[in-house]
Amino acid sequence: MTAQPARRRGVSLRVLLSLTGLITFAFVAVVGTTLLFRIAPQARQMAVRSDLVRRDYEDRTRLGRSLDSARTAIGRMAADLAGAPPSPEAFAQARRSLEQLITGAEIFRATQRSMVDAPEAVAGLESADGAAEAYVGPLVGALAALELDDHPAAAALLVAADSLRPRLQLALENVTVQALNAVIADEDRLAASSRSGARLIGIWLAFGVAVLTVMAGILRERLFKPIAALDAALVRIEAGDLQHEWVHPRDDELGRVAQHFNVATTALRSQRQLAARTAAEAARAQSEASYRAAFEGAAVGLAELDLQGRFQLVNHAAAEVFGRPRHVLLGSSVLDFVASAPTLRAPWVGLTSLARSLVPTFGTDAECVRPDGTIASVHVSGTVLRDDEGAPRRILAVFHDVTEERRLQQRLLRTTKMEAVGQLAGGVAHDFNNLLTAVVGYAELLALDPRLPAEVRADATTIQSTAMRGADLARSLLTLARRAPVLTAPFDLSAALTELVTVLERTLDRRIVVKARFTQGLTAIGDRSLVSNALLNVALNARDAMPEGGTLEIEAGVLPADSPLLLRHDLAADGRTFVAVSIADTGPGIPPEVLERIFEPFFTTKDLGRGTGLGLAMVYSTVKDHGGAIDVESSPGNGARFTVLLPIAPEAAAEVLPGGQPIAAAAPARILVVDDEEVVRKVAVRLLTHLGYEVETVEDGQAALEFFAEGDRDVRLALIDANMPRLDGFETARRLRRQFPDLPMVLVTGYADPAGMFDVERFGFNNWLAKPYTFEMLSKLVADYLRPSPTAEVPPEPTP
Amino acid sequence: MVRPLIPFAALAAVAACSPGGEHLTIGYAIPVSSRLERFLTMAAADIDSASAGRLTIQPWAAAADSRAELPVARRLAAAPAVLAAVGHSGSKNTLGAAPIYREAGLPLLVPTATARSLRTSDAPLFPLAPPDDVVGGVMADFLVDSLHSSRVAVLYVGDAYGLGIHDGIASRLRARRNAGVTGTAAVAGFECHAGPLAMTMIVRALLRRSQADALVIALTPRESECALRAAVAEAPGLTIVMGDSFDPTAADLARLSGAERRAAWVVSFWNPDADSASRAFRARFRAAVGSDPRPADALAYDALMVVAAGVREGARTRLSLTRWLQSLGTPARAPYPGLTGPVQFNQPRRRLIHVRRLPESAE
C-alpha cells in the first residue's frame with residue numbers, strides 16, 4: 001500500500017453539485033416562472049379576452065341586428081294594421097322572436113360577466129344590458145299594443161324604443177371599446193412582460209452559460225476525472241490487482257470514497273491473503289493428515305527425531321523395528337537402543353548429528369539391540385525437516401528392518417561362496433581323486449603282491465589308507481559345496497573322539513593341555529570321516545587361538561531333551577536325541593563382529609597363508625548336512641567354546657562295518673574302461689586284470705562310441721568316467737544305451753553333480769562308483785554285474 | 001364605512017385571543033347597507049357565542065356595488081382565514097362567482113339566490129332557498145288547490161329566475177292535468193323604465209290572449225309592482241300571485257292601492273310568526289336594526305349560524321366544513337334547526353315556501 005499523498009481540502013462535492021443544481025434550477029425557475037407566470041398567463045388572458053371580444057362583438061352585432069329586425073317587423077306590423085291586420089300567429093311569431101332575444105341575451109350576459117372582472121367592464125356590460133332591456137321593453141309593449149289594436153300606444157312605444165336605440169348602440173360600442181381597450185392593455189402588458197421576460201431570460205442565459213461553463217470545468221476536475229480514475233481503478237481491481245489504489249488529492253466526498261475504496265481493497269487484499277493462508281493451512285492440514293496417515297501406515301519404520309536424536313513421533317513399523325512400544329521410544333534417544341561399541345554407535349551418531357551436517361540426507365546400515373538381546377539390522381536413512389525459515393526443526397528417520405534381508409544376503413553370499421568352493425572343489429576333487437585312484441590302486445596292488453617284503457606291503461597299505469584320507473578331504477570339500485552325498489550310517493563317535501584326542505595329543509604344542517571327558521559308546525549317524533575332520537578342524541582352530549598355550553577341552557555327552565542348546569537351535573521339536581561334542585579353548589575369545597561371520601567361507605582372521613577361511617565353513621556344512629547344529633559361546637578374554645550337536649544313533653545300529661577282500665572274476669569277461677586319465681585307465685586295467693577280467697580302454701566317450709562302432713566287441717561291462725573331453729560320460733552312456741540296451745554301464749567319477757549322481761539311470765547308467773575306489777569296492781561292483789546268475793539282470797542298489 | 005366595522009374588528013380581536021387561538025371568519029359577500037350592518041352586528045354576537053369565539057364575520061368591505069362582487073369573491077377565496085362565504089346577491093352574481101369558489105374550495109352559502117343551476121354547479125354552493133322551478137311548482141299547487149284556478153297566465157322576466165318560475169308552474173300544471181298555463185309573456189325587465197305604458201299593454205294583451213283566471217308575476221321587484229297595477233287595472237277581480245322576488249317594504253306597500261294589495265298573493269321563504277324562535281328573532285332584529293326582518297334576513301341569519309354550528313362541531317377547514325354541510329340531513333347528521341326551518345342541502349327546502357296575502361296596510 002502506497003502512502004496517500006496529502007490531500008487538499010476542497011469544497012464539498014455536495015455543495016458543488018447543489019450549487020450547480022441550484023444555479024440550473026434558478027435559471028430554469030426564472031425562465032419558467034417568467035414564461036409561466038408572466039408571459040404565458042398574459043398571453044392566455046389576451047387570447048381569451050380577444051376571443052371574448054370577438055364573440056362579444058359578434059353577439060352584440062347579432063343582438064343589434066336582431067333587435068333592429070324586431071323593431072322593423074313591429075313597425076311593419078304597425079303600418080300594416082290599416083290594411084290587413086296580422087294574424088294571431090304572426091303576433092305569436094313576433095312575440096316568440098322577441099322572447100328568444102330576451103332569454104338569449106340573458107344567457108349571453110351571464111357568460112360574459114363570468115369572464116370580465118374589471119369594474120369598468122362590468123359597468124359597461126350592465127349598461128349595455130340595461131340599454132338592451134330598455135330598448136326591448138317598449139318593443140314588447142308596442143307589440144302588445146298592436147295585438148290589442150291600440151295603434152297610438154304602439155306608435156308611442158315605438159317612438160320610445162327608437163329614442164333608446166342610440167343609447168343601446170352607444171352602450172354596445174362602449175362595451176366593445178372597453179373590451180378592445182382591455183385587449184390593447186393586455187397586449188401592452190404582454191409586450192412589456194415579454195420584453196422584460198426576454199431581457200431577464202437573456203441575462204440569466206448569459207449568466208447561466210458562464211456559470212455553468214465554470215461549473216462544468218470544476219465538475220470535470222472534481223467529479224468526472226476522479227470517476228474516470230475510479231473506473232480505471234475498478235478495472236484494475238476486477239483484473240485482480242488488489243494492490244492498486246485510487247489516489248484522490250482532495251478531501252471531499254470522492255476523497256472519502258477513495259479512502260473507503262482503498263480500505264475496501266485493503267480488506268479484500270487481506271481477505272484474499274487470509275483465504276490463501278486458510279487454503280494453505282487447509283492444504284497443510286490435509287497434507288499433515290495425509291502425512292500422518294502415510295507416516296502411521298508406512299510399512300517402513302518412520303520416526304521424527306528432535307535435533308538431539310530423541311524420538312518425537314514414531315510409527316508402528318518403527319516401534320517394531322526397535323522391538324519396543326512407542327511410548328517407550330518417545331522421548332528416548334536412538335542411542336539408548338544401540339550397542340555400546342563405537343563402531344555400532346557411529347551410524348546412529350551420524351543420524352542424530354545430521355542437522356549439523358553439510359549433507360542434507362543420510363543413509364547407512366546400522367544395528368539396534370532389541371529388548372531380548374537380539375540384534376536387528378536396520379537400514380537407517382534420514383533427512384532434515386526444516387521450518388519455513390529453513391532452520392532445522394526435526395530429523396525424519398526411516399528405519400528399514402533388513403535383518404532378514406541381511407541374513408538372506410549372508411546366506412546368498414555363503415551360497416555364492418559355496419558355489420565357488422564347489423566349483424573349485426569339484427575340479428580339484430576330480431583331478432585329485434583321479435590321482436588318488438591311481439595311488440590307491442597301485443598301493444593295493446603292491447600290498448597284495450606276496451612277492452614283496454612285508455614292510456613294503458605295509459608301507460603300501462599306509463599309502464593306500466593315507467590316500468583314502470586324502471579322498472576324505474576331497475569329499476569334505478565337496479560336502480562343503482553340497483557336491484557330495486553324506487553317508488548316513490551309524491558310527492562310533494566315542495572311537496572317533498578317541499582317535500581325535502590321540503592325534504591332538506601327538507601333534508599339538510606341548511604348552512597346550514588337552515583334556516577329554518566323554519563316555520564310550522557314544523554313537524552318531526553320518527559320515528564318520530567327515531565328522532572326524534570337522535571336529536579336527538574345530539580343534540585346530542582352538543589350537544590356533546592359543547599360540548602361547550592353554551587348555552583344550554573336549555567333552556561329549558547325550559543332551560537331555562529340554563536342553564537350552566536344543567531349544568536355541570530348534571532341534572527339540574522333532575523328538576530326536578542329540579549328542580553334544582564341545583571343544584573349548586582358553587584363548588582371547590572371539591569378538592562379536594567376528595563371531596557373527598565365523599562360519600562364512602573364506603572368512604578368516606588369520607594372517608595371509610595361514611588360513612584358507614574354509615575350515616569352520618566346512619565344519620558348519622558337515623554339521624548341518626548331518627541334521628545337527630553348532631553353537632559358539634565366546635566373549636573377549638574368556639576363550640571360546642564350540643559345541644557340535646549330532647543326532648544320536650540307536651545302539652543296535654551303531655555297528656562297525658568290517659572290512660573285506662577283493663572278489664575275483666567268476667568267469668572271463670571283457671570290460672571297457674572309458675577314462676581320459678591315462679593313469680586311471682592303467683590302474684583300472686591292472687586291478688581288473690588282476691581280478692581275472694579282460695579289459696579294453698578308450699580315452700573318452702567319443703572313442704568309446706567309435707570302439708563299439710567298429711563291430712561286436714563282446715563287452716560285458718563299461719566303466720565310464722564322468723568328465724571327459726569331446727564327449728562326457730553321461731552323453732556317452734545315453735548313446736550307448738540306445739545301441740546296447742542290455743549293456744551294464746557304471747559311472748566312475750572323481751566329481752559329479754550331486755543332484756545327478758543319485759539319478760544316473762536317467763542317463764542310462766546302471767550304477768556309479770566314486771573315485772578313488774578300493775580294490776575291494778571295484779571288485780564287488782564288477783562282480784555284481786558279471787556274476788553268471790539269472791538275478792544279475794537286477795542291478796544292486798548303488799553303493800558309493 | 002370605517003365606523004360600522006369596529007364591532008367586527010373587535011370581535012376578530014377577541015377571536016384571535018380566544019383559547020382556541022384560531023381566527024376563522026365568514027366572508028359576507030353581499031353588499032352591505034346600513035340596515036345590514038346592524039343586522040350583521042347582531043348576527044356576529046350570535047356567531048361568536050355559537051362558535052365559542054372562534055368565528056367572526058368579514059363583511060363586504062368595498063362599496064355596495066354589485067360590479068365588485070367578483071373581486072370580493074376573489075379576495076375572500078384568497079384569505080386563508082375565511083372559512084366560508086355567505087352570498088351573493090342574486091343568482092346571476094352567485095353563478096358568476098361560483099368558479100372562484102370552486103377553485104378555492106371555499107363553501108358558499110347562498111341565502112336568497114334560487115336559480116336552478118345553483119343545484120347543478122360543481123362549485124361548493126349551498127343554497128338555503130328552494131330553486132325557482134320548485135317555487136313555481138308550489139305556486140301552481142297553490143293556484144289550483146287554494147285559489148281553484150284552472151287557467152293561469154305567467155308574466156316573467158327572461159332570466160334564470162323568471163324562466164325557473166315559468167317552467168316550474170308549467171311542469172306542475174301539466175302534471176296535475178286539471179289546469180294549465182294558457183298564456184305567457186316574457187319581458188326584459190325594463191318595461192316600466194320609461195313609464196307604465198309598455199307593461200300595461202303587455203299585461204292587457206296577455207290577459208286577453210290567455211283568458212286566464214289567475215296571473216303569476218315573476219319579475220324584478222320594480223317591474224312586479226308595475227305589472228300588478230296593470231293587471232288590477234285590467235282585471236280587478238283577477239287572482240294574482242307574485243314571485244318571491246316581490247318582497248315589498250313598508251314603503252312599497254304604501255304605494256299600492258287597497259285593491260292591488262287585496263288582489264295579490266306573495267310567495268315568501270319565511271314566516272316571522274311561524275314559531276317563537278322566528279318571533280324572537282323578529283323582536284331582536286327590530287331592536288337591533290329598527291325594522292322588521294325580511295325573509296332574506298332570516299335566510300342570511302341561518303346561513304351564518306349554520307357555519308357557526310359547523311365550526312362548533314369541529315369543521316375548521318374549508319374542506320371539512322364543506323363535508324359537514326353536505327352531511328346535513330343525511331343519516332349521519334340531522335338538519336340544522338334554523339329560523340327558516342330545518343337546514344339541509346341534499347334536497348330542496350320545499351317546506352320554506354309560503355304563499356300569503358299582502359297585508360292590507362303598510363303597518
Side-chain angles (χ1 to χ4, degrees), chain A residues 67 88 91-92 95-96 98-107 109-127 129-150 152-161 163-164 168, chain B residues 62-63 65-75 90-100 115 117 155-163 166-167 183-209 219-220 223 226 230 234:
Chain A
L67 290 175
F91 281 111
R95 195 168 53 248
R96 276 196 298 273
L98 272 178
E99 287 178 356
Q100 285 176 356
L101 284 175
I102 291 169
T103 56
E106 159 62 22
I107 297 170
R109 287 197 300 271
T111 304
Q112 281 188 327
R113 293 185 66 179
S114 67
M115 294 297 177
V116 179
D117 58 353
E120 296 76 11
V122 173
L125 285 172
E126 292 284 352
S127 175
D129 289 345
E133 289 167 356
Y135 179 64
V136 170
L139 289 180
V140 175
L143 183 60
L146 289 175
E147 191 177 358
L148 294 171
D149 200 19
D150 188 347
L157 289 170
L158 287 175
V159 170
S163 67
L164 293 173
L168 172 60
Chain B
D65 190 334
S66 64
R67 292 174 298 182
E69 292 211 25
L70 291 180
V72 165
R74 289 198 178 92
R75 181 163 51 80
S91 295
K92 293 177 185 175
N93 292 325
T94 302
L95 289 172
I100 297 171
S117 54
L155 176 62
Y156 63 99
V157 64
D159 61 5
Y161 167 69
L163 287 170
H166 168 266
D167 293 346
T184 62
V187 297
F190 266 71
E191 281 73 14
C192 298
H193 183 70
L197 179 59
M199 184 58 75
T200 300
M201 292 295 107
I202 292 169
V203 170
R204 185 179 299 166
L206 173 63
L207 292 178
R208 289 186 183 180
R209 185 173 64 248
L219 301 175
T220 59
E223 305 301 310
C226 177
E234 175 66 21

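The structure presented is a predicted model; accordingly, all values stated were derived computationally and were not measured. Each chain gets a letter, A, B and so on, in the order its sequence line appears, and its residues count up from 1.
In this structure, chain A has a heavy atom under 4.5 Å from the side chain of Arg208(B), while its backbone stays farther away. Residue contact with chain B, scored on non-hydrogen atoms closer than 4.5 Å, is absent for Ala160(A).
Heavy atoms only, all atoms of each residue included: Ala198(B) and Gly137(A) are closest at CB-O, 3.8 Å. Between Ile102(A) and Val187(B), the shortest heavy-atom distance links the atoms CG2-O, 3.4 Å. Counting all heavy atoms, side chain and backbone alike, Ala185(B) lies closest to Glu99(A) at CA-OE2, 3.6 Å. Between Met201(B) and Gly141(A), the shortest heavy-atom contact is CB-O, 3.4 Å. The shortest heavy-atom contact between Thr184(B) and Arg95(A) is O-NE, 4.4 Å.
Checked by atom type and distance alone, the side chain of Glu133(A) never pairs as donor or acceptor with a backbone atom of Gly189(B) at under 3.5 Å.
The most heavy-atom pairs under 4.5 Å with chain B, out of Leu157(A), Leu164(A), Val136(A), come from Leu157(A).
In this structure, CG in Leu197(B) is found 7.5 Å from CG in Asp150(A), a value given to the nearest 0.5 Å.
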